[in-house]
Peer 1: 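What follows is a single structure, and I will ask about it in a moment.
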Amino acid sequence: MNKSNEPPLPLPEGIPDLSPREADLLGMNAAITRRDFAGSTLLGAGAALLATVAPGAVRTAHSQTINIPLTGLDAKWTGPGGIGDYANSNGNTHGVLNAAHGHIRNSDLDAYFASATETGESFELLVVGAGISGLSAAYTYNKRRPKGSVLVLDQHPVFGGEAKQNEFEVDGVRLWAPQGSTGMVFPLNRAKDYNFFSEFYNELDFPRDFEFQKPRNMSSKDLLVPGDIWGPMHIQWEAADIGYFFESKGFVKNMWRDGLRRAPLNDKERLDFMTAELYRTPNRRPDWEKWLDSMTYSQYLRNELGVNSEAFEKYISPVNAAMGCGLGADVISAYSAFNYMGPGVVSQGRDLAKGLADPADQVYLVSLPGGNGSIARRLVQKMIPGAFNGKSLTELLLDRINFGALDQASNAVRVRLSSTVVAVKHDGDPAKSSRLTVWYERGGRLYKASAKGVVLAGQQHVNRHICKDIPAAHREAMGTFHHAPILTVNVALKNWRFLDKLGISCARWFEGFGWWTGLRRNVLLDGKESMPLDPNKPVVLTQYNPFLLPGLPCQQQCTSARMQLFGLSYAEIESAVRAQFTRMFSSAGFDAARDIAGITTNRWGHAYSVAPPGFFFGKGGHPAPRELLRKPFHRIAFSHSELTGAQMWESAADEGQRAATQLLDVI
């Protein structure tokens, strides 16, 4: 029982309390066209999590933990995962969370280390984490030492980390959508200018120029459909026909194009919106990067631009959070906002003498089917013979994974999935040791393997639990990383005639559940469309939903937001999506029961590392804690995009390369 006098932690906006009739009208009990989505109305166990949490425990939480087990979730909480190879790996599933919280966070296996089963395996390099950073580390080592043995262990059933996909089949049409990471920056020469580049582009053998599909059969013949999901959120609002939905007014189409005259804003709010968007005067101080890192984005907007409307921060904070900052303007460093081209602060990168203006005007994003899962697939294909049967780009991205090829003893690089690493320790004195032992749980049994070097390619909230012999300084540095959650929702639709009728390709809303979704033009693969772009045919609409609780300090906001995410059952999310779409689109003929073919949720409890002031360059003359972790601790190297403060696939790959290169000098 909660005896705290504090108010209960609020649930996210837009979670409806439906009567049975309302549930029927929204299609909550409708038969889904694919068996994969059957049972989607079952109530999960997640709501019990919040009921057990004293609000005071959440609000005083530090280092991303609260004093409850956070285990016991079941498949009904996870919800349906679609079809194909990723059907059982949609985000942090109940199985992943139960293992992570029980075996890592709660250390329930530590007492059994001595009795762990010896695999008898000894590797040159063992990589913990098969996201893009971990795969890049394995690739780097394998390229330099082709005969060196490498094992990659990952907790999930499929490699890729947050670079995975959801797959659907609706009315005979196959559909793909990203679970998380998506987007490659082109053209590459301009990507280099703006630090959106990795040398791994040269390793992937992807095309350097892409052709985008053209929409067909639209009644709005000139409807502007963007090529990616991120740009229209704000930084390229001109790239799409966007409907901004206000509860008091309905849709306002393309509100930026007429100076916000039709938006329900007062004069001060309108002036602040336009000031932030039109600001083009960088501060020329030589230490401008450290200067930006000394303040929150909110402080920058208020003190440098004079923008102090609550309405603008409410508008821009979900954009900041979803694009990579994790949380909103009230807590993130202004330098973090700069990294993701936040209004106003993006001007600091302008240098017309070098031809550097707004990056959004000079680069574009390419999102392949399934997002950056394509990059993970390519890396695995290059390291492991037979992992994919096909050779063409289409076959690589759209065909099935040969899971049987991933962990063959005859291969130099092996990937072992569904394996939760619970401990890593040098054998003896770390300064003198020549090997390490790695303990991991798989299939209900505890194993241990040996390696000459280990790359920890996971986040620091995990590393501080599994690293058993690091010094206090490293553990303290790891404890400074705080992560915000993202809920990626993919809604498979039988058609999108309602958007065509409204004359919009993207929607932004300000009340209710979520805040953004939209169409995108897919790139042609081997000259062909992977998915149709026709209002009469199926499509997937993706949502990246942050959990913002402005007013709470950074670490407490991260923890509270994560509890909101964990506390939602799949059925609650499904009903919220159906109700929100009905509220916005029913006037244009949308019927949730008829038009929604399936909804897949991908919960990322630690989606983004949040960078508050001081994260990048430190405070009080002390270096940032991340700098310590970018150096190896004897035979352990740390690798994750969070160590850069800009979590993109490019930074993930570069960090993996750095970590592997560091250990090449040791092993």
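The analysis underlying the following values was restricted to heavy atoms, covering all of them including side chains, and did not include hydrogens, waters or symmetry mates.
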Peer 1: Answer yes or no: are there more than 12 heavy-atom neighbours, outside Asn189 itself, under 6.0 Å from its atom CG?
Peer 2: yes

Peer 1: Hey, are the side chains of Trp291 and Phe617 touching, using non-hydrogen atoms and a 4.5 Å cut-off?
Peer 2: no

Peer 1: Mind checking whether Tyr335 and Phe616 have parallel, tilted or perpendicular rings, split at 30° and 60°?
Peer 2: perpendicular

Peer 1: Determine whether more than 12 heavy atoms belonging to other residues, nucleotides or ligands lie under 6.0 Å from atom CD of Glu211.
Peer 2: no

Peer 1: Within the side chain of Trp604, is there an N or O that forms a donor-acceptor pair under 3.5 Å with the backbone of Gln179?
Peer 2: yes

Peer 1: What do you reckon, is CD of Glu511 surrounded by more than 12 foreign heavy atoms closer than 6.0 Å?
Peer 2: yes

Peer 1: Report the C-alpha distance between Phe513 and Ile573 in whole Å, list the side-chain angles of each, state the deciding distance to 0.1 Å, and finish with yes or no for side-chain contact (heavy atoms from CB on, under 4.5 Å).
Peer 2: CA-CA 9 Å; Phe513 186 78; Ile573 298 170; 4.1 Å; yes

Peer 1: Are Thr488 and Asn602 linked by a side-chain donor-acceptor pair shorter than 3.5 Å?
Peer 2: no

Peer 1: Just checking Asn266: does its CG atom have more than 12 heavy atoms from other residues, nucleotides or ligands closer to it than 6.0 angstrom?
Peer 2: yes

Peer 1: Write down the atom of Ala329, the atom of Asn320, and the distance for their closest heavy-atom approach.
Peer 2: N-OD1, 4.0 Å

Peer 1: Which residue is it: Trp509, Phe251, Phe581? I am looking for the one with a ring-ring contact (aromatic ring centres under 6.0 Å, His included) to Phe245.
Peer 2: Phe251

Peer 1: Within a strict 4.5 Å, meaning less than it, do heavy atoms of the Pro625 and Glu476 side chains meet?
Peer 2: no

Peer 1: We want to know whether Thr600 and Asn490 form a side-chain donor-acceptor pair, criterion being a heavy-atom distance below 3.5 angstrom.
Peer 2: no

Peer 1: What distance do Trp516 atom CH2 and Asn545 atom CG have between them, rounded to the nearest 0.5 Å?
Peer 2: 13.0 Å

Peer 1: Between Thr480 and Arg626, is there a side-chain heavy-atom distance shorter than 4.5 Å?
Peer 2: no

Peer 1: Go through Phe186 and Tyr201 one step at a time and tell me if the ring pair (Phe, Tyr, Trp, His ring centres under 6.0 Å) criterion holds.
Peer 2: CA-CA 10 Å; Phe186 289 89; Tyr201 274 112; 5.7 Å; yes

Peer 1: Is there a donor-acceptor pair closer than 3.5 Å between any side-chain N or O of Asp228 and the backbone N or O of Arg520?
Peer 2: no

Peer 1: Quick one, Val491 with Thr517, criterion side-chain contact (heavy atoms from CB on, under 4.5 Å). Give me CA distance, side-chain angles, the key distance, then yes/no.
Peer 2: CA-CA 10 Å; Val491 183; Thr517 196; over 6 Å; no

Peer 1: So, Asp272 and Lys268, do they make that salt bridge, N to O below 4.0 Å?
Peer 2: yes

Peer 1: Report yes if the side chains of Phe585 and Lys501 come closer than 4.5 Å at any heavy-atom pair, otherwise no.
Peer 2: no

Peer 1: Can you find a heavy atom in the side chain of Asn303 that is under 4.5 Å from one in the side chain of Met295?
Peer 2: no

Peer 1: Quick check for you: to the nearest 0.5 Å, what is the distance between Thr182 atom OG1 and Trp230 atom CH2?
Peer 2: 7.5 Å

Peer 1: Yes or no on side-chain contact (heavy atoms from CB on, under 4.5 Å) for Arg562 and Thr559, after CA distance, side-chain angles and deciding distance?
Peer 2: CA-CA 5 Å; Arg562 193 157 40 257; Thr559 303; 4.0 Å; yes

Peer 1: Does any part of the side chain of Glu655, heavy atoms only, come nearer than 4.5 Å to the side chain of Arg630, both counted from C-beta?
Peer 2: yes

Peer 1: Are any side-chain N or O atoms of Gln543 and backbone N or O atoms of Val489, one a donor and one an acceptor, separated by less than 3.5 Å?
Peer 2: no

Peer 1: Quick one: closest heavy-atom pair of Trp515 and Ala322, and the distance?
Peer 2: CZ2-CB, 3.7 Å

Peer 1: Assess the side chains of Glu304 and Tyr279: does a donor N or O sit below 3.5 Å from an acceptor N or O?
Peer 2: no

Peer 1: Would you say Arg284 has more than 12 foreign heavy atoms packed within less than 6.0 Å of its CZ?
Peer 2: yes

Peer 1: Are any of the side-chain nitrogens in Glu574 or Arg578 under 4.0 Å away from the carboxylate oxygens of its partner?
Peer 2: yes

Peer 1: Mind running side-chain contact (heavy atoms from CB on, under 4.5 Å) on Phe510 and Glu247 for me, showing each step along the way?
Peer 2: CA-CA 8 Å; Phe510 300 91; Glu247 292 285 350; over 6 Å; no

Peer 1: If we ignore angles and hydrogens, is there a donor and acceptor under 3.5 Å between the side chains of Ser505 and Asp241?
Peer 2: no

Peer 1: Over all heavy atoms of both residues, which pair between Tyr194 and Leu356 is shortest? Give the atoms and the distance, please.
Peer 2: OH-CA, 3.4 Å

Peer 1: Working to the nearest 0.5 Å, report the span between CD1 of Ile375 and CE of Met184.
Peer 2: 5.5 Å

Peer 1: Considering only NZ, NE, NH1 and NH2 on the basic side and carboxylate oxygens on the acidic side, decide whether Lys290 and Asp293 come within less than 4.0 Å.
Peer 2: no

Peer 1: At their closest point, which heavy atom of Val307 faces which heavy atom of Ala276, and how far apart are they?
Peer 2: CG2-N, 4.1 Å

Peer 1: Locate the shortest heavy-atom distance separating Val225 from Leu533; write the atom from each residue and the value.
Peer 2: CG1-CD2, 4.1 Å

Peer 1: Quick check for you: to the nearest 0.5 Å, what is the distance between Ile242 atom CD1 and Leu224 atom CG?
Peer 2: 9.0 Å

Peer 1: Under 3.5 Å, is there a donor-acceptor pair between the side chain of Arg658 and the main chain of Phe638?
Peer 2: yes

Peer 1: Verify, without hydrogens or angle tests, whether Lys249 (side chain) and Arg262 (backbone) share a donor-acceptor contact under 3.5 angstrom.
Peer 2: yes

Peer 1: For Arg208 and Leu188, indicate whether the former's side chain and the latter's backbone hold a donor-acceptor pair under 3.5 Å.
Peer 2: no

Peer 1: Would you find a donor on one side and an acceptor on the other, under 3.5 Å apart, between the side chain of Glu162 and the backbone of Ser181?
Peer 2: no

Peer 1: Just by distance, do the side chain of Lys253 and the backbone of Gly503 share a donor-acceptor pair under 3.5 Å?
Peer 2: yes

Peer 1: State plainly whether the residues Lys314 and Glu269 are in salt-bridge range, i.e. N to O under 4.0 Å.
Peer 2: no

Peer 1: Tell me, do Glu313 and Arg302 make a side-chain contact under 4.5 Å, heavy atoms counted?
Peer 2: yes

Peer 1: Taking the ring of Phe200 and the ring of Trp649, is the distance between their centroids below 6.0 Å?
Peer 2: no

Peer 1: Look up atom CZ in Phe312 and atom CD in Glu277, then write down how far apart they are to the nearest 0.5 Å.
Peer 2: 7.5 Å

Peer 1: Any donor-acceptor pair under 3.5 Å linking the side chain of Ser133 with the backbone of Ala652?
Peer 2: yes

Peer 1: Would you call the rings of Tyr297 and Tyr300 parallel, tilted or perpendicular, taking 30° and 60° as the class edges?
Peer 2: parallel

Peer 1: What I want to find out is whether Asp361 reaches Arg190 closely enough, with some N-O distance under 4.0 Å, to be called a salt bridge.
Peer 2: no

Peer 1: With no hydrogens and no angle check, do the side chains of Arg583 and Gln580 hold a donor and an acceptor under 3.5 Å apart?
Peer 2: yes

Peer 1: For the residue pair Trp237 and Trp256, does the interplanar ring angle fall in the parallel (under 30°), tilted (30 to 60°) or perpendicular (over 60°) class?
Peer 2: parallel

Peer 1: I need the Phe210 CZ to Leu365 CG distance, nearest 0.5 Å.
Peer 2: 11.5 Å

Peer 1: Can you name the closest pair of heavy atoms from Pro187 and Val363 and give their distance?
Peer 2: CD-CA, 4.3 Å

Peer 1: Between Asn339 (side chain only) and Ala646 (backbone N and O only), is there a donor and an acceptor less than 3.5 Å apart?
Peer 2: no

Peer 1: If we only count heavy atoms from C-beta on, is the Pro178 to Gln165 side-chain gap below 4.5 Å?
Peer 2: no

